[in-house]
Amino acid sequence: MTDDYQLFTEKVYSKLGIDLKKYKEAQMKRRLTSLRDKRGYKDFITYFKAINDDLNLLHEFMDRITINVSEFYRNPKRWEVLKDSVIPLIIKNKQELTIWSAACSTGEEPYSIAMLLSEYFPKLKTTIIATDIDEKVLEKAKQGMYSEQALKELPTNLKVKYFKEIGNQFVVDSAIKRKVTFKKHNLLEDKYPNDVDLIICRNVLIYFTDNAKDTIYQNFSNALTNNGILFVGSTEQIFSPNKFRLALLDTFFYQKISQ
Ligand SMILES: C[S@@+](CC[C@H](N)C(=O)[O-])C[C@H]1O[C@@H](n2cnc3c(N)ncnc32)[C@H](O)[C@@H]1O
């Protein structure tokens, strides 16, 4: 790491509480160097001064580090497994589920789970918390307005039932919106919730260093109830899940081993 980038990461941490050192360095540095060059700053320290003074540059910088791409029912086969085997398994002996969609971006993931539960498990009581580090995406998530592209993997019955088409936008049904509580949460810094039955955390851990990932897996495991489930993204298999008291249940689903 050059001194310039090192100093930049320290300044970003004290300004925003985001520890860039816990994200894979080569990838992050490449992304930020290209943005910095595009804006005409020759080193990271002058670039930091600029983002510190200019809100537009700061938002653009946040967009570049957070990578907010999402969609409803991303990797649809996994959502079918969730519906057909994972949820039936965890609701044995339970009438109530607590679900956490961590790093939820613009809300497609927590709304997907809210729709799935309303449609197929209508009697189940649910608490759905959805969090992200980026306040801008959380605002968008609360609005619940999407382009048709974001819905391309969503089964038609859910699309028809839970959206209203307004112009070229699709708006999430207000009963579904009310089921999800959005909050700001930094996976690398903040306290994790307790007694969660299902954590959905997909397509963010790939950006972190192995050390940071291990800490997050341990925190997720601590946050889960006995036999609770962690649902990860389709490139994010955990190599030694038992280190974290987790066992592979199905591809990209891990279950907390009860004591
Ligand atoms: C690619 S999106 C994933 C969205 C959704 N989970 C999915 O799979 O479609 C990654 C999200 O992780 C969030 N993120 C990045 N670093 C984070 C951190 N330290 N804590 C919480 N969220 C973070 C970003 O803001 C972004 O919205």
Side-chain angles (χ1 to χ4, degrees), residues 9 12-25 27-29 31-32 35 58-79 81-82 99-116 128-144 146-147 149-154 172 180-193 196 198-220 223 229-237 251-253:
T9 61
V12 166
Y13 186 62
S14 51
K15 182 176 173 66
L16 299 168
I18 300 175
D19 190 353
L20 293 176
K21 291 195 199 100
K22 292 187 178 159
Y23 293 74
K24 285 179 190 153
E25 188 188 323
Q27 206 181 39
M28 183 58 83
K29 204 169 159 187
R31 297 170 64 76
L32 292 179
L35 182 63
L58 180 66
H59 286 156
E60 183 186 57
F61 164 76
M62 273 299 284
D63 281 350
R64 185 58 65 105
I65 57 173
T66 52
I67 312 163
N68 302 127
V69 192
S70 191
E71 61 185 64
F72 288 86
Y73 254 61
R74 193 170 189 176
N75 314 109
K77 286 204 179 101
R78 299 291 95 213
W79 288 85
V81 173
L82 181 67
I99 296 162
W100 177 23
S101 167
C104 66
S105 187
T106 36
E108 293 85 336
E109 190 175 85
Y111 288 140
S112 294
I113 186 75
M115 289 174 201
L116 182 155
I128 305 175
I129 320 157
T131 62
D132 200 280
I133 195 174
D134 183 350
E135 284 170 272
K136 245 174 72 195
V137 293
L138 292 172
E139 279 315 308
K140 180 136 197 289
K142 286 181 203 164
Q143 287 167 13
Y146 301 92
S147 69
Q149 176 68 12
L151 279 68
K152 68 180 195 311
E153 300 290 2
L154 189 70
V172 177
V180 181
T181 306
F182 290 98
K183 283 186 202 156
K184 185 175 176 186
H185 180 275
N186 180 350
L187 286 164
L188 299 168
E189 302 287 329
D190 294 335
K191 195 171 167 291
Y192 282 40
V196 182
L198 170 64
I199 297 174
I200 308 176
C201 184
R202 310 182 70 214
N203 306 302
V204 63
L205 294 179
I206 32 165
Y207 301 116
F208 295 135
T209 62
D210 288 342
N211 273 344
K213 266 191 239 180
D214 283 0
T215 309
I216 292 173
Y217 290 140
Q218 189 56 59
N219 288 339
F220 279 154
I229 303 286
L230 170 63
F231 177 19
V232 299
S234 292
T235 53
E236 298 176 319
Q237 65 269 44
T251 320
F252 307 118
F253 291 98

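Indexing begins at 1, ligand by ligand and atom by atom, following the structure's order.
Partners of Lys24 by side chain to side chain contact (heavy atoms under 4.5 Å, CB included), not counting sequence neighbours, listed by chain and number: Gln27, Lys213. Taking Asp19 as the reference, Tyr13, Lys21, Lys22, Glu189 meet the side chain to side chain contact (heavy atoms under 4.5 Å, CB included) condition, with sequence neighbours excluded. For Ile206, the side chain to side chain contact (heavy atoms under 4.5 Å, CB included) test picks out Thr235, Glu236, with sequence neighbours left out.
In this structure, the side chain of Arg64 engages the main chain of Arg31 through a donor-acceptor pair within 3.5 Å.
Within 4.0 Å of ligand 1, contacts by protein heavy atoms are made from Tyr23, Thr66, Ile67, Asn68, Val69, Ser70, Arg74, Ala103, Ser105, Glu109, Asp132, Ile133, Asp134, His185, Asn186, Leu187, Leu188, Arg202, Asn203, Val204, Phe208.
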For Lys152 and Glu71: C-alpha separation, side-chain torsions, deciding distance, then whether salt bridge (Lys or Arg N to Asp or Glu O under 4.0 Å) applies.
CA-CA 8 Å; Lys152 68 180 195 311; Glu71 61 185 64; 3.3 Å; yes
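Salt bridge Asp63/Lys136: present, at least one basic N to carboxylate O contact under 4.0 Å.
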